[in-house]
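As the structure lists them, so they are numbered: ligands from 1, and atoms in each ligand from 1.
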Amino acid sequence: MKIGSIDLGLRPVFLAPMEDVTDMSFRLMCKRFGADMVYTEFVSSDALIRHVNKTKLKLTVSDEERPVAIQIYGKDVASMAEAARLCEAAGPDIIDINFGCPVKKVAGKGAGAGMLRNIPLMLDITKEVVKAVKLPVTVKTRLGWDMDNLIIVDLAEKLQDCGIAALTVHGRTRSQMYTGQADWTLIRQIKENPRMNIPIIGNGDVTSAEICKERFDSCGVDAVMVGRGSIGRPWIFREIKHFLTTGEKLPDEDFSWYLNILKEQVRQSVEQLDERRGILHIRRHLAATPLFKNIPDFKKTRVAMLRAETVSDLFSILNEIPQINKIIDF
Ligand SMILES: Cc1cc2nc3c(=O)[nH]c(=O)nc-3n(C[C@H](O)[C@H](O)[C@H](O)COP(=O)(O)O)c2cc1C
């Protein structure tokens, strides 16, 4: 499938944009394991046009991670267009607009998924961002605001008419936040709509190679995007790509193979930030990893692991974890 002129191959699998997760080192790691496209954390258009330093740092992309999309959010047409221009200057391959973030500080102010309650403004922003840049512009959103407003099938056409190059749909409403199960029924309906011709990227609860293949097969999506399933498990992309190409499950590696990847993530995080902030940052991955799931009486070690404050303490704890043979059914 293609987004603009970017050829992403057959059945590509993308790393979802995730705040505080998809920094450059994590994106590169997922890329190494086969992610076909990666996205930055979302970037506030307002902060960007005010030249807030911390926000500008999020625009840094590297050649090794291409194709990479920078994602922006906001609720004002002019600042979104200006922010898109600033992002374009940072050299990504795609500009993605976030109309899906459900958290109060974003959606409550009308940005992110809040835009699902103001479709005319959503469409204006989309049109102006498309006009403002030469790069392909894509949109990521949800099924609708709530179960009484499942508007995505109709909205997809309207967004397409604004000139976007692809659409990602997370199969939940804003009201659901991250609860319940993602529903891909409407994502399939978008694909079945003969008026639609842009690629559709399906997202929500893809946590294994088998689920990913099932979503491609039953919904006909052009790409699948994986979010939480990659936290503490960047190797999921390798498992998925292997399964999609061969139809067979990739054999497990040794326990130490997975552990070394997690340790590499710790090292990178500390290098990038500093010891204290790097460890804080990587705790989310250590807490989420399925690697330790089958280890008996792990609770005490888990608490110690998530409390460690230095790399040396953390690595001593990780090195003491008994190496189980049967990893788990990831
Ligand atoms: C910690 C976290 C941060 C997220 N940040 C963003 C973001 O910056 N932009 C965005 O479009 N979605 C964001 N999301 C939503 C994900 O991109 C994705 O749509 C959602 O998690 C559903 O996919 P999954 O079930 O594969 O995780 C975030 C999700 C999580 C868990």
Quiz item: Taking atom types as modelled and ignoring hydrogens, do the side chains of N203 and T168 form a donor-acceptor contact shorter than 3.5 angstrom?
Solution: no
Quiz item: Under a 4.0 Å heavy-atom cut-off, what residues line ligand 1?
Solution: A16, P17, M18, E19, F42, Q71, N98, K140, H170, Y178, N203, G204, D205, V226, G227, R228, R284
Practice problem: List the steps and the verdict of side-chain hydrogen bond (donor to acceptor under 3.5 Å, both in side chains) for D46 and S44. | Solution: CA-CA 5 Å; D46 289 339; S44 153; 5.1 Å; no
Exercise. Drop me the distance from L159's CG to I190's CD1, to the nearest 0.5 angstrom.
Key: 9.5 Å
Self-check item: Nearest-0.5 Å distance that lies between atom CD in E128 and atom CG in L123
Solution: 11.5 Å
Quiz item: Between T22 and E41, do the side chains contain an N or O donor and an N or O acceptor separated by less than 3.5 Å?
Solution: no
Quiz prompt | Test item: side-chain donor near acceptor, N193 and E157, under 3.5 Å | solution = yes
